Structures are given as structure tokens and as C-alpha cells.
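So you know, we letter chains A, B, ... as the sequences are listed, proteins then strands, and number each from 1. Computed over heavy atoms, backbone and side chain alike; hydrogens, waters and symmetry mates excluded. Not measured: the values here are computed from a predicted model.
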Amino acid sequence: MPPDDSFTRNFEFAEAEPRIYADWEREGLFRADPEAPGDPFVIVIPPPNVTGSLHMGHALDNTLQDILTRYHRMKGDNTLWMPGTDHAGIATQAVVERALAAEGTSRAELGRERFLERVWKWKEEFGGKIIGQLKRLGSSCDWSRERFTMDPGLSRAVREVFCALYEEGLIYRGDYVTNWCPRCLTAISDIEVEHEEKDDSLYYVVYEGAGGGPSLTVATTRPETMFGDTAVAIHPDDGRYPPGDFKVRLPFSGRELPVIRDPYVEREFGTGALKVTPAHDINDFRLGERHGLPSVTCIDRRGILTDAAGPYSGMDRFEARKKIVADLGASGLLAKVEPLKHAVGVCYRCKTVIEPLLSLQWFVKTGPLASAAARSVRDGRTKLVPQSWERTFFEWMDNIRDWCVSRQLWWGHQIPAWYCSSCGKTHVLREDPEACPDCGGGLERDPDVLDTWFSSGLWPFSTLGWPDRTPELARYYPTTVLVTGFDIIFFWVARMMMMGLKVMGDVPFRTVVLHPLVRDASGQKMSKSKGNVIDPLGVIDRYGADAFRFALASQAGTARDLKISEDRVAGYSRFVNKLWNAARFAMSHLAPAAGASGGKMPQAPPASAMPLPDRWIRSRLLTVTLECRAALESFAFDRYADLAYHFVWDELCDWYLELAKPVLYGDDETARLAAAASLGLVLADTLALLHPAMPFVTEELSAKLPGQSGRLMSSPFPAGRPEDRDPDSERRIGILMDVTRSVRSARADFRVPPGAKVKPQVSANDPATAALVEEYAPLLLKLMGAESLAAAAPGAPKPRDACEAIHDWGAVWTPVAGEVDAAAEKARLEKELAAIARDIAQAESKLANPGYLAKAPEDVVEETRERLASFKAKREGAEKSLRLISGLAAGGN
RNA sequence: GGGCGGUUAACUCAGCGGCUAGAGUGCCGGCCUUACAAGCCGGGAGCCGAAGGUUCGAAUCCUUCACCGCCCACCA
């Protein structure tokens, strides 16, 4: 029966995937309905930057989310995958500023209002490209609910939360030393600072004594900040320095600095004397607070020295450092210079060295929020998967510092704070005011915007409609699972937990699945500068989304790195093809069977009424189905993929389809139809099993099944038919596989010509096995290139020309050309016997061990007993053969 | 300085107290067998990083060490 002409030889993914996706979308299959029944299963997407395009990290993240979403949807859960994008303040603003620069203008020239118009316009025009790319991946998000962090609704949520936290004292404004990026011209939070090991110099600078006091030498890496010094600090117990108050003179300026004593100072480092610059160092700032020191800012927001730096004013901070060092040397005030390796903070975006700067910023008081978040993980309200991340999470939450949330940008949620020019009061308000509510004076709004992560911290409830009490919020919060890379645990996961617990009074999600980070094939981080970036869309173009998704899922275990290479994807594209062709084959037999049952899927008989191969595959399908479900429930995506892959390829294709062929091509019509129906049943379940990982090809194939009306994506996920469990059929198929493999192996070893038919015999240890072989011999003949397969008479000797394969249930004799070399055969058997003897010795020693018998679990001991019996059976067969062959070797030729 | 990973076949990894340690890719040999040559069949390949320890039993648990990688960090 030739396959149907419309059934192409390969899955034409380039044509099929967009078409199928459009069908799903048109049919509204992604939509969630809060009124619908079923347990809620909810995922909120980690919102990609609206300016971004799909990279490997997104591809992995969204593949896993889609697998879970599709699985739960098929299971009948009330499933919502909530999509959207992030305004990504600093990143987006930078992109638009670059565009402006190319036009020869700038943000300053445009002014705030026109600049923001430009960003919105840019967003409408080029933003959201990534949504289309997520669709190509197959993401089954409910696009009707797509949100953007700067939507009116979400902005309202941001404002509400800001006001509420302010009213509660959890948001405050103050003058502190914050991390300032002189290039981005904004403050950034602590976790946005990266630390880079750098080879630097430690300069020993002499501060001469004032008023007859002693001189001090301080050690610093940043001599250019000396004009901001307002003290020198030593350890209170440092005996190298005289007791009592004294002062030193700042080089060049002559300004007098008090010498203070504080245990913060490390006596062992440098000279044990520390220059204190409260305006440009966070530790010095704290020292200054403790000792009531003034702050002097000597470097401005652009990294340029200020008038406080006297002759160096107007110089860049690094230029100034060189010049100052040179000048100190010339004045004999540079005692020495040592090389020093230390970590320097740089901006996570532009890698510019951070300038700690005293400035007026808004902060979130994170202490109480963080301890609530940590508690929710400690008591299991939110689980981290893999659990090993908990320690890291606690580490951070327990040592968290206040979160600087103001950014000196224009693109973002402007801080809802107004300052009265008359009475000087600060007003944080939900509605824009006309005038000062207190005195009616003129108001000026705070120009700054909020950190992008402030709004993404609200994502799990703001997207569901909060602050309104929507049906979605009631039904879908807390969400079920959050899937993300571990790189944003602190940026995002922790913030959502803090905000969710504070605002909603409950955790934002029950489980956080932290997946690996995608690397290139050699484990390197992908980056444009390294040129090792693989574009996921190119991969989809070349291999299809299904192969790509499957490759990602197959590697999504508990490791930290996921090394992706095209070879791997190519490997799974062969799997897609394999599945396609297996289905093509199955369908060519299903079609006539369906014809016989009126175009409908033929009713498959119960497994127990079927021949052995069907009973076996259905038993295996049951096991694999249950294992796949267990794997998905525990987020073991790699295991799920592996199980499905091997079931399809090794069992379904390599054995079941081959064993079915003699029947399917046979003359017995009843048997043929039954086999086809059984095949259809197994195929349908297999497609459903694979659908979460490979949605396109499975949907396409499912549509070709006879009598198919609905979509596979909205069909039930297989639950497994418990009545199909059949360990005996698995054992018996195992014997038939042994026979087949033994003959194939003998043929290959002895170079039996491909066309030549052999007449193997099976010498079974018991009549039941002999009967089994005789019964199913017709199914095996073609698989092993045999003309006949017979059970040898009990006790019959192995023919001289036969290659023998020994099993615990008996032996397979495959006659090969001429006579088997007796000496070689003897050597082989002796080797085999030695191996068997080792196995037996091992098993026996275990069973003779009282500790083993007493402590090992019952089933393990039982297994060992069975194994020992099987070894002994094998040994007996091998010994018998050896006796025979020895006789031949000695007396024969 | 603190913490977390990794080290298993040529490569990339799975296995994480008990089957004779597995898979994919690659390699070797043979096949165009009417679902699939993007395929089929057969085959070789590993003192499970090192050393101790716990245990009846260790690739798997503990300790120490080595190398690789990541994260956090207020000795300038």
C-alpha cells in the first residue's frame, strides 16, 4: 500500500509551522477563561525587553514555559500563560538616543516631552518584534492579554504601590552615596554594579603634620579623590600612631584634616592610615556619618573634577589621577607605589567604572520585605527548583541593602513626588496635583523615573488587573510556576517575591524553576563581541521549531550551563523526520482500516486480546507515559525528552513497527485490521505525549489521523491505561529480541553475505520458550535474514557450522558458511565463561554476606538472586558448548 | 574574603547508595530491506579528577586536595 500522495516524505516545517500556529491562534486555543473549570495553572512570562529580539536564553526559557503550559492545558487545567514586554528603561532609552545621535540631534535638544514621544513612536514601530519571534517558537501565550509595563493599567499599579510604600515608610528619599555611572548619567542599584578584577596601583601619599603634629602616610588607589577628603582614619588600637588629637595637612590644598580613630580601619592594609572621602566612597560615607564629618564632592556626575579640586578642576577623573600622582611625586609626597589587584565596580550596561557619588535618591527599605520573602521560601510557600539555589537566595536576602529605585532617565515611570516651592514639602500622590495641597504653592515634579525592575516586580499581579479586583486576579493569583534563568534571581525573582508578599499578602508563585544559561558549544557565554552568538531564528529556519525546542528541552536539566550546538539540533531534526515517517507508515495501514470502519479511527481491541507485540508496546507505552508525566511534574525536561525519544525510536520504530509488518502486509484481514487499529492507538497516544515538546509536527500528524476533528493541542494528555501493564509480554519480547540480535550479530561476525538466508535454531531451556519462538518465528524471519527459525529438539547438540549465542533462557545457533573455527570458538567461550564466573562470584558473595541479607532491601536481594540464577543458566549453556567444542578442537580437524 | 557548581567514552552530557555505568554526536565494519540513506544492522570505546573515610555495598554520601567555571563581597 503506497503512502498517500499528499503525505510528503518529510515534514515541511517551513510551510507547516506558521500555518498551524495561525490556526491555533485563529481558533482561540491559547485563550484562558477565568470562569472555566479546572485547577488553575498559571505562568507569567519573564517580560522580554520591548526593544529586544529573541536570543538563545529566551528560546530556552519560553520553550520550557510552553512545554509546561501545553502539558497542563492538555491535562485539563485552567491554563494561562500571561505574556508581555518590559519597557526596559535604560536599555530602550539608550537605543533611541543612539538613533537621535545618528540624526544629529540629542535628547537634551528635544526636551523631555518630545523625547518621550520619540520613544513611544519608536516602540510602536520597532518594539514588540520579539512577540512575533516567540510565536515562531510556538509559544502558546494568551496574546489577547498581552501587557506592557508602561500600559496605563500597569502604570497605575506602579503608582499605587509607590504611594502605599511611601505612606508606610518603606520608600524614602535621602542623600546617600550611590553607585553612579558617569556615562549613563544615572544612579544604579547595587546589583547593577559588576565587579571586575583589575591590576591597579596602591599609592602611598604623605599627609604632612599640621601644627607640629606628626605626618601620616595614607594608602589609596584613588588619589584623585583626595580633594574630597575630610579626615584621615586610623585604628583606635594602632600603637604606631601617637595618642591624642592631631591633624594633618591635605597635600596641595593645605586644608587641615582631623585624624579620627575607627575600628573599621584595617591595620594590616597599607600603612594602617585611611584617607576618608565621604562623598565618594560608601565606607567613607559611613565613617563620616559616625564621626560627623562633612562631605566634599570633588568629582561631578560626568566624572570630571570639580572646583573643589583646585588646579585639577575640569579634568577627567583618570587623567587627573595621572597628573596628581606625577605632581605628588615631584613634590616628594609620594612615598611609594605598589601594584594591587582588586575588584573595581563597573556599570552592568556599559562597563564604565562606577563613581560612588553623594546624591539625593529614592530608596526602597528592603529589610522587612526581604525577610518576608526569605521566610516564604524557608517555610515552603515558594519552592525553588533546583533547591540548591535556596542557599544563595537566603544569602542575598539576609544581607540585602536598601534598593535605590530612582533613575536619572526620562523613559520609565516618573516618580509621583512633587516638591512645593513655597513650603518646601514633599507630596507623593496618586493623582497629579494642581498646587501644593498644604499651602497652595507651586509644585515641581521629581524628574526621575523608577528602576525598570520596580514595575517588573509587580508583574505577577499587575498583569492580572491589580489594583482592580478582577476575576483574573481572584482566579490566577498566586501564579503556579515561574520559569527563568538563575541570573535574574535577585534582579527580578526576589523583587517579585518582596512586592507580591507586601502588596497581595501572598507569594507571587508557588514554584520557581531556575534553568541553565545557554552557552555556545565550548561553554563560552554568547556575546556579540566574541562572535559566537547563534541566532535562534536562524536555527528555526534551518531545522524547524520542533527540533530546536526538543534540543533545548533535552538539555534542560539541573546543570548550570546548557551548551547548544547546531549538531544537536540537527540530531533532533532527524528525530522529527523519524516520527514523521513512522506516522506516514502507520497511516498507510490505518487508512484502509479506517475505511473499513466508516472513515473513523478504528476501534483498537484491548491489549489482552492482541498478539504479543501489541501487548508489549502498549505495556511499554503505559510505563513511558507515566514516567513522562512524572518527569514533567518535577520539571525534569531532559528526562521527559529522553524518555519520549527512546520510546519512539528504539521501541516503537525499531521493534514494534518491524514486528507489525508481517501482519500488516499479511493475508489475514482480521489480524491486519486489528494490528492497524492498535498501531493507530499507540500512534495517537505517542503524538499527544510528544506534543508539549514538539507541538507542530505532532499537530500536523494528528490532523492526518482518521476521523480527527479537534486539535491535538486541546486534546487530553494521555493518562495511561493501567490494564495495559504486562510484564510478561515485556519478558517474552525480550527473548525474541535476543534471538533476533543473536542471529544478526552472528551474520555480521562471520560475514554472511547480505543476500544469504540462514536457518537458525533456538535451543531453549524450557518448552514454553521453545513454543514462544516457534509461534512468533514468522515475525522475525525478515528481521534477521532467515529462511526459517526452529526450536531445536531438547538436548540436541549444536551443529558444527553454527555460531552460538548463549542466553539465560537458552542458546541461538546460527549456521554460518563453512565450519566455525573450533579453536577460536573455544577461546571465545572460555572468555565468556570467565566473565560469567566473575558475575557469579560477585552475586554469590553478595548473597553470602550476612550484612547484605540483613540490610539490603528485599527487592534488591531478590533481583540479585534472579540474576545469579540467570548467570548460572548461562554458565551451564556455555559449559555444555565448551565441552562439545573442546572435543572438536582436540579430536577434530 | 564568603558561597555555589563542574571534573564519567574522542566530544557534549545523563546517571547522584544496590541492575553487567548509559545516550547523542563522532569512529570502525556491513547494508539503497517497498515509513524514513536525515535510514537500517553489527562493533569497538570509560581504574566515573586524586587520596582518605562511612557502608554489607560508593561514580553516587562525608573529608581533604587539585584543576576549571560562576556568583556575592564595604581592606582603601
Side-chain angles (χ1 to χ4, degrees), chain A residues 1-3 7 9-10 191 195 202 218-222 225 233 264-270 273-277 281-287 340 342-343 356 388-389 391-392 395-396 399 401 486-487 489-490 517 521-523 525 551 554-555 557-565 567-568 570-589 638-639 642 645-646 653-654 657-658 661 665 741 744-749 751 753-755 782-785 835 838-839 842-843 845-846 849-857 859-861 863-864 866-867 871:
Chain A
M1 180 81 37
F7 212 143
R9 259 174 104 87
N10 302 312
I191 52 174
H195 295 269
L202 185 62
V218 302
T220 180
T221 53
R222 304 199 58 203
T225 64
Y264 165 74
V265 180
E266 292 288 332
R267 277 169 284 185
E268 284 69 41
F269 189 90
L274 169 71
K275 67 191 262 312
V276 183
T277 322
D281 185 286
I282 181 68
N283 296 303
D284 293 9
F285 179 76
R286 284 181 202 146
L287 268 175
L340 180 75
H342 74 320
S388 51
W389 283 106
R391 208 185 156 107
T392 311
E395 181 69 23
W396 196 71
N399 296 299
R401 285 199 274 153
F486 58 80
D487 53 335
I489 294 181
F490 304 136
L517 265 25
S522 56
K525 210 174 198 165
S554 75
Q555 290 180 95
T558 56
R560 289 189 170 202
D561 294 345
L562 188 161
K563 297 181 187 111
I564 192 80
S565 67
D567 285 354
R568 185 123 186 172
Y572 286 111
S573 76
R574 290 199 287 275
F575 177 56
V576 172
N577 189 245
K578 186 77 179 173
L579 179 71
W580 179 263
N581 278 288
R584 197 160 71 104
F585 168 77
M587 240 80 94
S588 71
H589 295 282
D638 53 344
R639 180 158 170 71
D642 195 58
Y645 180 93
H646 285 108
C653 291
D654 287 352
L657 294 185
E658 295 305 327
K661 277 180 187 174
Y665 288 120
R741 281 193 279 247
R744 285 171 175 170
S745 182
R747 293 182 64 115
D749 286 352
R751 316 262 156 197
K782 193 154 187 213
L783 301 187
M784 44 195 204
R838 269 198 307 278
D839 291 339
Q842 198 193 343
S845 88
K846 273 189 177 179
N849 182 337
Y852 180 73
L853 293 174
K855 293 182 187 170
D859 54 323
V860 171
V861 176
E863 225 174 83
T864 307
E866 280 168 18
R867 203 140 27 94
F871 291 149

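- With sequence neighbours excluded, no residue forms a side-chain hydrogen bond (donor to acceptor under 3.5 Å, both in side chains) with A/R744.
- When distances are taken from the side chain of A/N581 to each of B/rA14, B/rA35, B/rG18, the shortest belongs to B/rA35.
- Residues satisfying the side-chain hydrogen bond (donor to acceptor under 3.5 Å, both in side chains) test with A/D567, not counting sequence neighbours, are none.
- The side-chain hydrogen bond (donor to acceptor under 3.5 Å, both in side chains) search around A/S573 returns none, not counting sequence neighbours.
- For A/D281, the side chain to side chain contact (heavy atoms under 4.5 Å, CB included) partners at least two apart in sequence or on another chain are A/N283, A/D284.
- Taking atom CD on A/Q555 and atom P on B/rA14, their separation rounds to 9 Å, with Å as the unit.
- With A/Y645 as the aromatic partner, A/K578 does not meet the cation-pi criteria of under 6.0 angstrom to the ring centre and within 45 degrees of the ring axis.
- With sequence neighbours excluded, the residues forming a side chain to side chain contact (heavy atoms under 4.5 Å, CB included) with A/H646 are A/D642, A/D650, listed by chain and number.
- A/R751 comes within 4.0 angstrom of the backbone, heavy atoms only, and of no base.
- Taking atom P in both B/rA38 and B/rG26, the straight-line distance is 12 Å, to the nearest Å.
- Among the heavy atoms of the strands lying under 4.0 Å from A/R9 are primed sugar atoms or P, OP1, OP2 only; no base atom is included.
- The interatomic distance linking A/R639 (CZ) with B/rG24 (P) rounds to 16 Å, in whole Å.
- One atom, CD of A/Q842, and another, C1' of B/rA21, lie 13 Å apart when rounded to the nearest Å.
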Identify all pairs in which a protein N or O lies below 3.5 Å from an N or O of nucleotides 56-58 of chain B, and state each distance.
from, atom 1, to, atom 2, distance (Å)
B/rC56, OP1, A/K855, NZ, 2.2
B/rC56, O2', A/N849, ND2, 2.3

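- Taking the nucleotide of RNA chain B with the nearest heavy atom to each of A/A582 and A/R391, the more 5' of the two is matched to A/R391.
- In this structure, A/L783 places its CG atom 10 Å from C1' of B/rU33, rounding to the nearest Å.
- With a 3.5 Å limit on both pairing distances and Watson-Crick or G-U wobble geometry required, the stems of 3 or more pairs in RNA chain B span B:1-7 with B:66-72, B:10-13 with B:22-25, B:27-31 with B:39-43, B:49-53 with B:61-65.
- Partners of A/E266 under the side-chain hydrogen bond (donor to acceptor under 3.5 Å, both in side chains) rule, at least two apart in sequence or in another chain, do not exist in this structure.
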Look for any protein N or O under 3.5 Å of an N or O in nucleotides 38-40 of chain B and output each such pair with its distance, or none.
from, atom 1, to, atom 2, distance (Å)
B/rA38, O2', A/N577, OD1, 3.3
B/rG39, OP1, A/R574, NE, 3.2
B/rG39, O3', A/K578, NZ, 3.0
B/rC40, OP1, A/K578, NZ, 2.8
B/rC40, OP1, A/W649, NE1, 2.6

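- In this view, A/Y852 satisfies the ring-ring contact (aromatic ring centres under 6.0 Å, His included) rule with no residue, not counting sequence neighbours.
- One interatomic measurement links the two molecules: OH of A/Y665 to C1' of B/rU33, which rounds to 11 Å at whole-angstrom precision.
- Ring geometry, A/W396 versus A/F490: the interplanar angle falls under 30°, so the pair is classed parallel (tilted spans 30 to 60°).
- Within 4.0 Å (heavy atoms only), A/E866 reaches no atom of the nucleic acid at all.
- Checked against ring-ring contact (aromatic ring centres under 6.0 Å, His included), A/F486 has the following partners two or more places apart in sequence or in another chain: A/W389.
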Contact letters for nucleotides 70-76 of chain B, in which S counts primed atoms plus P, OP1 and OP2 and B counts the base, heavy atoms under 4.0 Å: ---BBBB
